[in-house]
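These numbers were taken from a predicted model, which means no experiment stands behind them. Hydrogens, waters and symmetry mates play no part in the numbers below; they use all other heavy atoms, side chains included. One-based numbering, in listed order, for ligands and for the atoms of each.
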Amino acid sequence: MKPPVYLDYNATTPVAPEVADAIEPFLRAHFGNASSSHVYGRRAQEAVAQARAHVAALIGALESEIVFTGCATEANNLAIFGVAKALQKGRRHIITSAIEHPAVMQPCRRLEDDGWDRTTVPVDGNGRADLDALARGLRDDAALVTIMHANNEVGTLQEIAEIANMAHACGAFVHTDAAQSVGKIPVDVGTLGVDLLTIAGHKFYATKGVGALYVRRETPIVPVMVGADHEHGLRPGTENVPAIVGLGEAARLARERQPAMEMQLRRIRDLLHALLAEGAQGLTLNGHPEHRLPNTLNVSFPGVSGRELVHAVENDVAASVGAACHSDTGTVSGVLAAMGIGIERAFGAVRLSVGIYTTEAQVHHAAKALIKRWLELRGPA
Ligand SMILES: Cc1ncc(COP(=O)(O)O)c(C=O)c1O
């Protein structure tokens, strides 16, 4: 039996063969500790420096502004707690959006538990943050605005440059969780105007367990974990050289593949959408019709539970219903709920995310299987 078509690239991507090849020597011959001064150490150090240069180039940063971390969650924690701790004497107010990943939402809640003010900016029906609400929240005690670049469930892109302008005018710093956008679309920290930006290796063909935080020079930040002086003193712990080398190679590939990659993703994603819309009448798109990741298609199938549909189709398609969508407990995705999507439509939501290895033939197969199972589950119209 053929393996199911993988349409869950927003959960994680396969490791690119080029990335695996780049990593391999660092699992075997080049095993040195990047802090050692002998030849083994220097080889590892050079490799980390090269990876840093690739990651910096991908997002238009300086090499000295890249801090390697263990994952995007860690980068978000470092950004939020690191800046909060540096600023806590003067400013104790954090602003975020209603559709953040838990890796941002939970650190913000923790600050609130510690006595900080937290403002949560609502989003509209397409998942875009309400900038009027942001303006109302921006008081002169605001320390940090943390709003994601692209949403993991629906793919909606936020107006980060505008958000950064507004925040800076009030003296607040700006972090964006770009775990889903870096490697899929061009991301430039200068254009976005952010002070901190989170990157996740396994969302763009590197391995799991590696991420990075961009920290604009002169941003007030202190380490969250303390130990030795690695990563400009912001992230102690011996560098995971193979994973960092892989992240560097993934960044190099992403840069080389743009803009063709974005067009390819959009074409395949839109083909999938067209096939599904034709076969499943009443299908609705969740997320912004234009300002959305080129690989993400979150659609609601009418009259069925998305969770049941994903389960029914699992031999043909590997997809997801997004986070925390439990039809049995009567709760739906927090993201869709924040977008004001009604409960029935939210129950029918399925997140389909394509990647650079998704083919037209796979998309045809997946669409056929989804429509067939949808018809079976829905019963006679
Ligand atoms: C938007 C966003 N932020 C953060 C994360 C956390 O990434 P990691 O699990 O690699 O720490 C994810 C992963 O799903 C994500 O989609």
Side-chain angles (χ1 to χ4, degrees), residues 6-15 19 55 59 67-82 96-110 121 123 127-129 145-158 160 163 174-185 187 192 194 196-214 224-225 235 237 240 243-244 246-247 250-251 286-288 291-298 318-325 333-336 338-339 351-355:
Y6 186 73
L7 294 181
D8 206 9
Y9 278 76
N10 282 9
T12 197
T13 61
V15 174
V19 168
V55 172
I59 61 167
V67 177
F68 289 118
T69 63
C71 56
T73 300
E74 190 195 322
N76 286 341
N77 273 260
L78 175 57
I80 295 168
F81 292 128
T96 187
S97 88
I99 58 164
E100 297 298 312
H101 189 276
V104 163
M105 212 174 258
Q106 295 301 352
C108 291
R109 285 192 183 141
R110 176 73 68 86
V121 175
V123 296
R128 277 200 141 181
V145 174
T146 172
I147 295 187
M148 70 199 323
H149 190 204
N151 182 265
N152 43 304
E153 288 188 39
V154 294
T156 296
L157 292 160
Q158 301 296 339
I160 297 297
I163 289 168
V174 179
H175 166 245
T176 192
D177 176 356
Q180 289 290 347
S181 57
V182 169
K184 294 185 183 123
I185 58 171
V187 172
L192 293 178
V194 293
L196 306 115
L197 179 141
T198 290
I199 296 175
H202 72 108
K203 308 289 187 188
F204 68 110
Y205 313 98
T207 59
K208 292 155 192 66
V210 66
L213 180 67
Y214 157 77
V224 168
M225 270 199 301
R235 203 280 186 169
N240 183 348
I244 289 172
L247 178 58
N286 302 314
H288 202 289
H291 302 293
R292 187 159 50 101
L293 287 174
N295 79 317
T296 306
L297 181 66
N298 189 311
S320 132
V321 286
C325 181
S333 149
V335 172
L336 298 182
M339 288 163 60
R351 179 186 72 178
L352 304 160
S353 45
V354 304

Starting from the N and O atoms of ligand 1, find every protein N or O within less than 3.5 Å and list the pair with its distance.
| residue | atom | partner | partner atom | Å |
| --- | --- | --- | --- | --- |
| ligand 1 | 3 (N) | Asp177 | OD1 | 3.4 |
| ligand 1 | 3 (N) | Asp177 | OD2 | 2.6 |
| ligand 1 | 10 (O) | His202 | NE2 | 2.9 |
| ligand 1 | 11 (O) | Ala72 | N | 3.3 |
| ligand 1 | 11 (O) | Thr73 | N | 2.8 |
| ligand 1 | 11 (O) | Thr73 | OG1 | 2.6 |
| ligand 1 | 14 (O) | His101 | NE2 | 3.4 |
| ligand 1 | 14 (O) | Lys203 | NZ | 2.6 |
| ligand 1 | 16 (O) | Gln180 | NE2 | 2.8 |

Under the ring-ring contact (aromatic ring centres under 6.0 Å, His included) rule, collect the residues that match up with His288, sequence neighbours excluded.
His291
Residues at least two apart in sequence or cross-chain that pass ring-ring contact (aromatic ring centres under 6.0 Å, His included) with Tyr9, listed by chain then number, are Tyr6
Under 3.5 Å side-chain donor-acceptor pair for His149 and Thr176
no
Among side-chain atoms of Thr146 and Glu100, is any donor-acceptor pair under 3.5 angstrom?
no
Could you work out, with salt bridge (charged side-chain N to carboxylate O under 4.0 Å, His left out) as the rule, every residue matching Arg351, not counting sequence neighbours?
Asp8
If we ignore hydrogens and angles and just use 3.5 Å, is the side chain of Glu153 paired with the main-chain N or O of Asn298 as donor and acceptor?
no
